[in-house]
Every structure is written in structure tokens, then in C-alpha cells.
Amino acid sequence: MQFEQLGALASEVARVEMVREYAETALKLDSLVGDEEDAVSSSVTRKLKSVGDNSEKTHHAVIGYLKNIEDILASVTTTRPQWACLLSAVDHRVDRSLAILRPQAIVDHRALLSSLGWPPSLAGSKFSSIDSGKQAEIVNPLFSMTGDLKSKYSESFLSLCNLQELQTRRKARQLKGHNVGNQLRQPLWVIEELVNPLSTAAQHHFSKWTDKPEFVFALSYKIIRDFVDSMDEILQPLVDKAKLIGYSCREEWISGMVMALSTYLAKERFPKQIELIQESSSGDAGCTPYQARVSWLSLVDLMISFDKRTQDLISGTGLLLTVKDDDNWQRISVLSVFCDRPDWLEVWAEIERQETLYKLKSAMESEKNWSTRNQGTMLEYGSDDYKSPVITTAIQQSLSLLIDRARPIPSIALRAEFVRMSASPIISEFLGYMLQRCQEAEGLTALADDNALLKVFESINAARYFESTLTEWCEDVFYLEMENLSVNGEGGCIFHQEINHLKEFRVEWVDKITTVILRAFDSRSRDYLKNKRQWLEKSEGPAVSRAFIESLDYMQGQLSKLEGGLNALDFVTVWRSVASGVDQLLFAGIFTGSTKISNGGVERFEGDLSVLFAVFSAWCLRPEGFFPRLSEGLGLLKVDEQQVRDGVFTDKNWLRQHGIRHLTAADTEKVIKNRVYEA
């Protein structure tokens, strides 16, 4: 019986041990929380009596208690997660203390900053002389701190840093197991206390420069640059001492000032710009729509330039962003105003599109830009070039400049949206203009005129070049980042739809050119195909039909023009399509019906085909391979009479051995039945 009771006895001992551990932990926490609450209460009492000489030491004592409490709570969370009620009760009491402690510590820190002379005066900084080109001077109180004042500031700085580090630990513990990503990361409190009063002072100057936004960005950059060294030399060692992991004072300073400027732009500048654009469109403003657009673009230019200069202050020191993602990038970019207001991004993209199209319109209408070819635009394979007109270079450069405007936008999704709204319509506009040129050429002469064909050549070449350019762009990292975004309702390259439209345009007009050549060849070959007697006559001279030679001469001339005007890849498509069409046309014309072919007719037919193959030998080594029906038909005509009588032509194995692979059984029977053997 004693052996059977051992399990129950062990469970009871473990329960008693857990109760004892719970009681000890609860008592220890109650004691620490009580000491911490007494310290906070004492600090408040001293503050009310205006005895604040030891406020930093009091803060350090309270923070020490809080850290000990947090260490115990973190251990309990890991080892005894079932003690949730104990954790909740302690967190509730600590939260009440922190609600008193943090505001008090911030008030004390602000009072200390004020005694240091922060924020420094900008009115006497000679910044008003920026338009005269003189160098502005701003005194940095952080460098002028000495003695007891410097010691007090360091203590207050460390208190806030330790308090923030404690707060971060508590949030991480409370949200453990939840996917919070980078949300726990907050701006550095001590840097915020430097940024806020200085940005407020700067906005007093901003209000005087409503017509000179360049002064706003110049002053903002000046402030960032003049104080950034003190962040590295004075404040960063204190942050490291407080063990705030992953914080760079330089980055936090730049981020704080950038976000302050972004807030100012979102509240003051952009609403006025939107109002100006709306009024100019209705005719109520004192400026034209063009001037309103120029004003908007000038402001965006200043923002892009400002971002580049401020980000250089980070990367120029060899530092990188602590976390390189959209959220952190937005913290150091004034273009983040568009992340909160996608409707403003849409306005920007529309303005950029209008300005680019306005510049390209005259270029697209100039016939010289279509008749002059680019030089050195090589194909992905082969030795020829695209033969694309100069207008394609103008379009490509304009699109590149437009897309470059999107690169600084601190959000992949918004970059993709900007490209979709600005660049894609320009590509569609260009494609529409090419289609219009081709349709006009087709409507006037049905593509029978050389000038009309030339217009189609130019458009096909331009489409081929542009299709290749967009495909190459899609392999760039900038565009690959956008592939997983369903901007167009589907994955893949952001220009996937435009590339397909260009390809469809090319294929359509290449087919039309092929059709024009085949129709003309058919018309010129009609007499040749109608002359059934020639296949029963024995030729005394060369076994070649003069009518067929004339038809081939026309076709060769047309293909030579195509070779000179069309890019190599599409020319290959054309001549192969023409060869396939001629193969079907001649086979159907000669072997359909009751046409009889004697030995002399076979010689004539072989002679005609040799001339046909000679024409296409300029573009391939084995032209007969592109006329499979005619070649196999000639092979069947040469079959011995005895084999025909034996009926071997019905044997599939025999046909395969003699290379008959493209003709059907019915076609084979027609050819054999039309053969006349002479005695």
C-alpha cells in the first residue's frame, strides 16, 4: 500500500512546493511593488514642495525597483504561465506607477533642457541671409554643457533611456507569442524631447516662407546637419550605457526632424497645393493649370533632393538603417506624406503623366523622328539591330526619368501604384499612336504602296524595341520587388500587360504584311496555275515557267524591301510565313482537280521549284524544308510506274521511308492519280 501511495504523495509534495513558491514570489513582488510605489509617491511629494535637487536619483531608484519586478515577472511568464492572475495584478499596479513616473521624468528633463538653452535661437542664426548665399550659424548647447549641468543632463538622459528600455521589455513580455513584427520599436524619447521644441521653433520661420519652400527645406537640413555630430559624440555613448539595443542617435535625430517636416508639409503645404490645382482647373485662381502643376512638381523636387541629402548623412558615415524595410524607410523620408495620403500620390502621378505626354506629343507627331533610325540597338541575338526609329529613344528616356521619380517613394506598393498610374498610360498612348499610323497607311493604300509599308515597318520595329526594353527592365531589382503585388490584378512584371499588348500589335501587323504579299503572289500566279496543258508538254528549252518566274520576281522584291526595312526577328517570321503560304497555295493550285502531269511536266515542276528554293536560299541553308508539301509532292511524282502499280504509296512505312510526312493519305492519292507515265 505504501508503494501505491508514492505517486499521490509526490503530487502532494509538488503542490505544496508550488504553493510555497507562489507565496514567496507574491510576497517578494508585493514588497518590491510597495517600495516602488513609496518611491514614486515620495518623488511626487518632493516635486510639490519644489525640492527637486535629487529627482534624477529618485527616478533611478524607482527604475531599479521596476527592473527587479520585471525580471521576476519575465521569469514567472516563462516558468509559471498559469499564474496569470498574479502577473495581471502586478502589471496593473506597475502601470499606475509608470503613468505618474514617465510624465514626471519628461517634465524634469524638459526643465533641464530649458536651463541648457534648448532649443537654440534660430532668429539670430543669420539664416535669414540664406538668399544672399552666406553660411548660417546655429549654436549647439549640447557641446557647451560643462560641470554639474552636464552631469545632471546625463543623469536625466539615462533615466529616460532606462525607462524606455524597461517599457520595451514589458511590452515584449506582454505580447509574447503574438506576431507584432517591428511594432514594439518606438522613437527614442530623449531625441523626441530635442526634436519637438526645435521643430516648433523652426515652423515659426516656415510660416514666413509661404512663397519660398526652398527655404523651408534648407533650414530643416541645416538643423539636421549642424546637430548630427553631437548625437554621435555626446548622446550615443549614453544610449549604449542604458543598453537600448538597436538605436542610433544619428538615425533617430534625422528621423525625428524628417517626420516633423513631413507633418508640416501634410498640414500646411499640400492642402494649399491641392486647393491651388482645383482652383486653377475651375478658373478661379490667379494662375493657370500649368503653373499649378509646376508649383507641385517643384515642391516634389525639393522633397526628393532633401531626402537624398539627409539619407546621405546616414549612409555617408558607413551606417545602415537598423531595419531596412518600408516602415523604417518612411521614418527618414519626407515622401512618406504620400503613404498616408494615396490620393495625393494619384494627383502627383497624374501631373507627371500630363507633363511627360505634353513633351512627347510633338516628338511623336514629327515624321523625322519616325524616319530616322537609332544606332547600336542590338538584338538579343543576331548581328542586326532593331532598326527602331528615334522616337523610341525619346519615349524610353522620358519613361526612365518618370520612373526614377518613383524610386525614392518609401513603399513598394506605392512605387508600383505610381508606375502603374503614370508610366503605363504613356506606353498605352504610344501604342495607340503606332496603331493609328498603321491603320492610316492601310486605309489609304491597303499596304500596296512602299511608303505605307514603311510606316508599318517603323511601327513594328518600334514595338519590338520597346517590348524588349520593358522585358529587360522587368529583370531589374526595382521591378522584381513589385512582382508579388497584385497591382494589375495578377502577379508578374508590372509591365506584363503592356508587353503583351505590344506583342499582339506586332503579330497582327506582321500577319497583315504576310497576307498582302501572299495575295499579290496569288494574283500574279493565277495564269500560271490555270495553265494545265504545260504539265503535259515537253519543254525544248529550260524547264522553267516564265509566268512563275515573274511571280517569284515580285515576291523576291517585296521580301528584299522587308529585309531592308524590318528588324531581323520579325523579318524571319514574315519570310517563313510567306514560304508556308506559298507552299499551300501552289500545292492546292497544281494538284487539286484533274491536272495531269507527264514526265515533261515533272521536269518543269522540278525546275520551277529549284527557282523557288533559290529565292529563299538567301535566308536559309535548306529552303526545301520550308516547302514540305511541294517537296514531298515532287518526290511522289518521281515514283516509278511499277511501284505505283504495286500500290506501295498506300503503305505508311514506305511513305515514311521516302520522307512523306506532311501529306495526308488523300493528298498522296491525288498526286499519284494525276501522274501520267509515258510508254
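Along the sequence shown, residues carry numbers from 1.
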May I ask you to test the [X]-[Y] pair for a side-chain heavy-atom distance under 4.5 Å?
X	Y	value
E417	I409	no
I72	L32	yes
L188	E192	no
R269	P213	yes
M259	V195	no
S115	L149	yes
L73	E70	yes
E252	M231	no

So, the side chain of [X] versus the backbone of [Y]: is there a donor-acceptor pair under 3.5 Å, distance only?
X	Y	result
S88	A84	no
E355	E350	no
Q164	P187	yes
Q236	C249	yes
S151	D148	no
R415	F478	no
S305	L302	no
S114	R110	no
S255	E251	no
S31	L27	no

For the student: nearest non-hydrogen atoms of [X] and [Y], plus distance:
X	Y	result
L98	R170	CD1-NH1, 3.5 Å
L313	R225	CD1-CA, 4.3 Å
L198	P120	CD1-CD, 3.9 Å
L112	Y153	CD2-CA, 3.2 Å
C161	V190	SG-CG2, 4.0 Å
V334	V258	N-CG1, 3.7 Å

Taking atom types as modelled, find out whether S280 and Q291 have a side-chain donor-acceptor pair closer than 3.5 angstrom.
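No, no side-chain donor-acceptor contact under 3.5 Å.
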Sequence-distant partners of C474, disulfide bond (SG atoms under 2.5 Å apart), two or more places apart:
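Expected list: C493.
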[X]/[Y] ion pair, N-O < 4.0 Å:
X	Y	answer
E275	K272	no
E24	R20	yes
R173	D91	yes
D71	K67	no
D301	R405	yes
D108	K152	no
D312	R309	no

Can you tell me how far [atom2] of [Y] sits from [atom1] of [X], rounded to the nearest 0.5 angstrom?
X	Y	atom1	atom2	answer
D229	L142	CG	CG	11.5 Å
I494	R420	CD1	CZ	8.5 Å
K308	S333	NZ	OG	13.5 Å
Q167	L101	CD	CG	10.0 Å
E475	L480	CD	CG	8.0 Å
L261	F217	CG	CZ	5.5 Å

Candidate list L160, V239, I254, L235, test side-chain contact (heavy atoms from CB on, under 4.5 Å), partner I191, passing option
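Considering L160, V239, I254, L235, a side-chain contact (heavy atoms from CB on, under 4.5 Å) with I191 is found only for L235.
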So L414 and C339, side-chain contact (heavy atoms from CB on, under 4.5 Å) or not? Walk me through it.
CA-CA 7 Å; L414 291 185; C339 299; 3.7 Å; yes
Tell me if the aromatic rings of F215 and H205 count as close, with their centers under 6.0 Å from one another.
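No, the ring centres sit 6.0 Å or more apart.
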Report the C-alpha distance between E36 and R93 in whole Å, list the side-chain angles of each, state the deciding distance to 0.1 Å, and finish with yes or no for side-chain contact (heavy atoms from CB on, under 4.5 Å).
CA-CA 10 Å; E36 170 260 325; R93 292 177 65 181; 5.9 Å; no
Pairs meeting criterion ring pair (Phe, Tyr, Trp, His ring centres under 6.0 Å) with involvement of residues 255-277, two or more places apart
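Residue pairs with at least one partner in residues 255-277: F206-Y264, F270-W296, F270-F338, F270-W344.
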Report, as yes or no, whether the 6.0 Å neighbourhood of atom CD on E346 holds more than 12 heavy atoms from other residues, nucleotides or ligands.
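Not buried by this count: 12 neighbours or fewer within 6.0 Å.
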Would the number of heavy atoms belonging to other residues, nucleotides or ligands and lying under 6.0 Å from NZ of K208 be above 12?
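Result for NZ/K208: enclosed.
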Step by step, work out the side-chain contact (heavy atoms from CB on, under 4.5 Å) result for W83 and E21.
CA-CA 11 Å; W83 294 356; E21 183 183 347; 4.0 Å; yes
D476: partners by side-chain hydrogen bond (donor to acceptor under 3.5 Å, both in side chains), with sequence neighbours left out:
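With neighbours one apart ignored, the set is empty.
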Begin from the C-alpha positions of S411 and Q330 and carry the test side-chain hydrogen bond (donor to acceptor under 3.5 Å, both in side chains) through to its verdict.
CA-CA 8 Å; S411 166; Q330 290 172 19; 4.7 Å; no
Parallel, tilted or perpendicular for Y479 and F495, by the 30°/60° rule?
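Y479 vs F495 ring planes: tilted.
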Geometric cation-pi criterion, R102 with W189: 6.0 Å, 45°:
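Yes, cation above the ring, under 6.0 Å and within 45°.
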Could you check D226 against N140 for side-chain contact (heavy atoms from CB on, under 4.5 Å), going step by step and ending with a plain yes or no?
CA-CA 8 Å; D226 286 359; N140 189 345; over 6 Å; no
